[in-house]
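So you know, we letter chains A, B, ... as the sequences are listed, proteins then strands, and number each from 1. All values reported here derive from a predicted model rather than from experimental measurement.
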Amino acid sequence: MSKEITSRQQDYSQWYNDLILKGGLADYSAVRGCMVIKPYGYALWENMRDQLDKMFKETGHQNAYFPLFIPKSFLSKEAAHVEGFAKECAVVTHYRLMNDPNGGGIIVDPEAKLEEELIIRPTSETIIWNTYKTWVQSYRDLPLLINQWANVVRWEMRTRLFLRTTEFLWQEGHTAHATAQEAIDETIQMLNVYAEFAEEWMAMPVIKGVKSINERFAGAVDTYCIEAMMQDGKALQAGTSHFLGQNFAKAFDVKFSDKQNKLDYVWATSWGVSTRLIGALVMAHSDDEGLVLPPKLAPIQVVIIPIYKGDEQKNLIDEKVKDLMLMFKALGIKAKYDDNDNNRPGWKFAEYEMKGVPVRIAIGARDLEKNVVEVARRDTKEKMTVSIDGLAEAIHVLLNDIQQNIYSKARKYRDENISKADTWEEFEKLLDGAGGFISAHWDGSAETENKIKELSKATIRCIPLNNLQEEGKCILTGNPSKERVLFARAY
RNA sequence: CGGGAUGUAGCGCAGCCCGGUAGCGCACACGUCUGGGGGGCGUGGGGUCGCAAGUUCGAAUCUUGUCAUCCCGACCA
């Protein structure tokens, strides 16, 4: 079977690429580092986006849209920010093309040079804060709770489908507050929204934490994150929420009058998740037969495949399926009836397995006589015979069960792959073995963190929230430490 | 930006060493038998061999250059 997919054991990276390409999520494009998101992959993204959008609105946010282009000068206003992004920006320098006077096609018109170059947004803090300056005068204008769904461009050296592409889709929340505490509360609130989404919807367990200084967002005071573990033991940052302090307000001169008519800079947050989550979803649950999608996000939750000889049987099956589809719809189950006669049942079985459809129903003349169908679940590959009476309800229960099961499986895997290291030798041994998260003491210095990264390629993924405080010694330097942090090799 | 590969039909590849009418599998079209795990048989359509120059009577094949993409590293969501 699955003859087209490289196994995880054989080549994990290739397995991942195979799933994306052969599962029909995305394709390479004519542009280096950029991908085409195909309808099936985009449907998955739409489901994620819709749910997140709902959660943002439930927490009081509104959507808006800011320009794709950012004047170059904006980017330099916040020192740490420009340093973080300068190396990976696409720059627009001209606004017109012309026919090459020497023949041979079209060239950039040298006359059409822009006075000030425009940066294609790598993130929108600067253009947004430049705008907020005109929106905020008084504490009455606060808080400002805005989200934007957009594309951004980061000119990365090396790209990977969904995990790191030159252009990607994301959402970025940008909020402004009257007090530091309020902004911190917002930062944590959105971190919790992300964690809830990852766990409840993606069925992907995550660890909430705060980043070390080295891993902090360019321009933030504190960066909070959710970290997930992939099946190869590597970590993947699935979402970030930043407390920006007054850094951007100061850079863009955004002040407000408080109740006492005292002027102060506003406090800011920003938070985002991207199409990278699709990569996380793929790597968290899928197997060597293809994708395994969580029912709550799957574009197709149930596929029905007819098995028949001749029109007579087909007609009988069509009739029955029509009823079933109505019942599925009534329960909000997204079902697809694939009666395409071009492909035979066996082909379809393999195809939908590759696409990760949670439940497959096969229905043939033989089943109709007995008033049953064959139900197969993607996560365990288990098949069972189920009565047509009450089928929709049974499937509803099954979908929930699958959602739970893949979460539990991922959770179990992750928990089994978090280990403690108390010496450098242990640390290295663990990393070169199963990998995973390694909980270890660290002396808190950026220097030590860099050295550990250099020696082992592992980085501090996060300092978990509500972390246990305990005395210990840094695994590298032996200097005193108050708590363990999570290390891992990461995507 | 360093290292490694690859560009030949829509996709995956062979052919290149040793130059002589461009091939295979899948997909596609038509017909037919089929149908409970990627079907069988038959017929058929589709390619300036990435691009450019050179060597040659003759280049997918040899030479030089060039462009592009992918993979592995350093950088990052």
Side-chain angles (χ1 to χ4, degrees), chain A residues 1-6 11-14 16-18 21-22 27-35 83-89 104-105 122-123 152-172 194 211 214-218 223 225-228 235-242 270-280 289-290 305-311 313-314 317 339-355 360-368 372-376 381 383 385 453-454 457 459 461 490-491:
Chain A
M1 274 212 307
S2 66
K3 55 188 174 187
E4 297 175 48
I5 297 178
T6 308
D11 184 342
Y12 191 84
S13 289
Q14 192 55 49
Y16 174 78
N17 284 337
D18 283 353
L21 297 170
K22 288 164 183 163
D27 253 339
Y28 291 110
S29 73
V31 185
R32 184 180 112 99
C34 294
M35 63 177 178
E83 196 186 327
F85 287 103
K87 285 174 293 183
E88 52 186 40
C89 285
T123 179
V152 291
V153 166
R154 295 183 189 175
W155 213 267
E156 301 286 354
M157 290 303 178
R158 186 153 139 54
T159 56
R160 295 195 67 188
L161 293 168
F162 284 113
L163 295 177
R164 185 170 303 104
T165 47
T166 301
E167 178 190 8
F168 57 95
L169 305 183
W170 78 344
Q171 65 60 221
E172 46 182 329
Y194 288 154
K211 287 288 187 190
N214 283 8
E215 301 284 323
R216 191 181 281 163
F217 175 75
T223 287
C225 63
I226 52 173
E227 292 286 329
L236 188 141
Q237 179 177 302
T240 48
S241 184
H242 315 289
S270 70
W271 28 274
V273 296
S274 72
T275 36
R276 181 179 230 211
L277 286 180
I278 293 178
E289 269 78 50
I305 297 172
I307 296 163
Y308 57 91
K309 283 186 208 177
D311 287 346
Q313 288 189 1
K314 174 70 167 35
I317 294 168
D339 65 343
N340 184 337
D341 199 36
N342 295 332
N343 299 316
R344 300 166 75 259
W347 192 92
K348 291 177 187 172
F349 290 177
E351 178 68 9
Y352 289 105
E353 244 156 50
M354 189 133 77
K355 286 179 139 22
R360 179 186 76 229
I361 295 175
I363 177 165
R366 222 159 66 194
D367 303 306
L368 281 186
V372 297
V373 294
E374 181 194 82
V375 173
K381 313 270 317 260
K383 291 181 196 175
T385 303
K453 184 177 178 183
E454 200 179 303
K457 288 182 191 160
T459 49
R461 300 323 302 158
Y491 278 98

(request) Using atom CD of E88(A) as one end and atom C1' of C75(B) as the other, report the distance to the nearest whole Å. (result) 8 Å
(request) Under 4.0 Å between any heavy atoms, over every strand shown, what does K383(A) touch: base, sugar-phosphate, or nothing? Just pick one. (result) base
(request) Provide the closest heavy-atom pair for Y16(A) versus G279(A) in the form atom of the first, atom of the second, distance. (result) OH-CA, 3.3 Å
(request) Pick base, sugar-phosphate or nothing for D341(A), based on heavy-atom distances below 4.0 Å to the nucleic acid. (result) base
(request) Taking atom P in both C16(B) and A53(B), compute the distance separating them and give it to the nearest angstrom. (result) 26 Å
(message) Tell me every residue that passes side chain to side chain donor-acceptor pair (under 3.5 Å) with N340(A), counting only those two or more places apart in sequence or in another chain.
(response) N342(A)
(message) Just to verify, what does Y12(A) make a ring-ring contact (aromatic ring centres under 6.0 Å, His included) with, not counting sequence neighbours?
(response) W15(A)
(request) Determine, for nucleotides 66-74 of chain B in 5'-to-3' order, which nucleotides have protein heavy atoms under 4.0 Å from the base (write B), from only the sugar-phosphate (write S), or from neither (write -). (result) ---SSSSBB
(message) Please report the distance separating the P of C70(B) from the corresponding atom of G15(B), rounded so that it comes out in whole Å.
(response) 25 Å
(message) At less than 4.0 Å, is any side-chain N or O atom of K309(A) found next to OP1 or OP2 of G35(B)? Yes or no.
(response) yes
(request) Using the salt bridge (Lys or Arg N to Asp or Glu O under 4.0 Å) rule, collect all pairs that involve residues 341-352 of chain A, keeping only residues at least two apart or in two chains. (result) D338(A)-K348(A), E351(A)-K355(A)
(request) Round to the nearest Å and state the distance from N342(A) atom CG to C28(B) atom C1'. (result) 11 Å
(message) For the backbone of P122(A) and the side chain of R154(A), can you confirm whether one donor and one acceptor N or O come within less than 3.5 Å of each other?
(response) yes
(request) By nearest nucleotide on RNA chain B, pick out whichever of R216(A) and I307(A) is the more 5' one. (result) I307(A)
(message) Show me the dot-bracket string of RNA chain B, counting Watson-Crick or G-U pairs under 3.5 Å, with | for pairs to another strand and [ ] for crossing ones.
(response) ((((((((.[[[[.)....(..]]]].((((((.....)))))).....[[[[[..)....]]]]])))))))....
(message) Using only modelled atom types and a 3.5 angstrom limit, is any donor from either the side chain of N343(A) or the base of G38(B) paired with an acceptor on the other?
(response) no
(request) For U56(B) versus G19(B), give the span between their C1' atoms, rounded off to a whole number of Å. (result) 9 Å
(request) Write down the distance between CD (E156(A)) and P (C1(B)), rounded to a whole number of angstrom. (result) 16 Å
Sort me out a list of protein N/O and nucleotides 39-44 of chain B N/O pairs below 3.5 Å, or just none if empty.
residue	atom	partner	partner atom	Å
G39(B)	OP2	R344(A)	NH1	3.2
G39(B)	O4'	R344(A)	NH1	3.4
G39(B)	N7	R344(A)	NE	3.1

(request) For C17(B) versus C11(B), give the span between their P atoms, rounded off to a whole number of Å. (result) 26 Å
(request) Give I305(A) one of three labels, base, sugar-phosphate or nothing, depending on what nucleic acid heavy atoms sit under 4.0 Å from its own. (result) nothing
(message) Which residues pass the salt bridge (charged side-chain N to carboxylate O under 4.0 Å, His left out) test with D339(A), not counting sequence neighbours?
(response) K314(A)
(request) For residues T240(A) and C225(A), report the shortest heavy-atom separation together with the two atoms involved. (result) CG2-CB, 4.1 Å
Are any protein N/O atoms closer than 3.5 Å to N/O atoms in nucleotides 7-14 of chain B? If there are, list each pair with its distance.
none

(message) With rounding to the nearest 0.5 angstrom, report the CG to CG distance, D11(A) to N17(A).
(response) 8.5 Å
(message) Between A5(B) and G44(B), how many Å separate the two P atoms, rounded to a whole number?
(response) 42 Å
(request) Could you say whether F349(A) or A490(A) is positioned toward the 5' end of RNA chain B, judged by the nucleotide with the nearest heavy atom to each? (result) F349(A)
(message) Say we look at G50(B) and G37(B): how far apart would their C1' atoms be, to the nearest angstrom?
(response) 40 Å
(request) Would you please name every residue forming a side chain to side chain donor-acceptor pair (under 3.5 Å) with E374(A), sequence neighbours left out? (result) none
(message) The criterion is salt bridge (charged side-chain N to carboxylate O under 4.0 Å, His left out); which residues satisfy it with E215(A), sequence neighbours excluded?
(response) R461(A)
(request) Please state the C1' separation for the pair C51(B) and U8(B) - nearest whole angstrom. (result) 14 Å
(request) Rounded off to whole Å, could you give me the CG-to-C1' distance for the N214(A) and C75(B) pair? (result) 14 Å
(message) Quick check against the 3.5 Å criterion: does R276(A) have a side-chain atom that pairs as donor or acceptor with the backbone of Q237(A)?
(response) yes
(request) Under 4.0 Å between any heavy atoms, over every strand shown, what does T165(A) touch: base, sugar-phosphate, or nothing? Just pick one. (result) base
(request) Report the distance from atom CE of M35(A) to atom OG1 of T166(A), rounding to the nearest 0.5 Å. (result) 10.5 Å
(message) How many whole angstroms separate atom CG of N340(A) from atom P of G38(B)?
(response) 17 Å
(request) Taking all non-hydrogen atoms of both residues into account, name the closest pair between Q171(A) and Y194(A) and its distance. (result) OE1-OH, 2.5 Å
(request) Under 4.0 Å between any heavy atoms, over every strand shown, what does Q237(A) touch: base, sugar-phosphate, or nothing? Just pick one. (result) sugar-phosphate
(message) F217(A): which residues meet the ring-ring contact (aromatic ring centres under 6.0 Å, His included) condition with it, sequence neighbours left out?
(response) H81(A), F85(A), H242(A)
(request) Please name the pair of heavy atoms, one in R160(A) and one in Y491(A), separated by the smallest distance, quoted to 0.1 Å. (result) NH1-CE2, 3.1 Å
(message) Measure CD/Q313(A) against P/G35(B) and give the value in whole Å, please.
(response) 10 Å
(message) What's the gap between G65(B) and C75(B) when it is taken at their C1' atoms, as a whole Å value?
(response) 32 Å
(message) Tell me the interatomic distance from K22(A), atom NZ, to A27(B), atom P, rounded to whole angstroms.
(response) 15 Å
(message) Under the rule for salt bridge (charged side-chain N to carboxylate O under 4.0 Å, His left out), what residues qualify as partners of D367(A), not counting sequence neighbours?
(response) none
(message) Let's see if you can work this out: which of G36(B), G35(B), G37(B) has an atom nearest to the side-chain heavy atoms of A350(A)?
(response) G37(B)
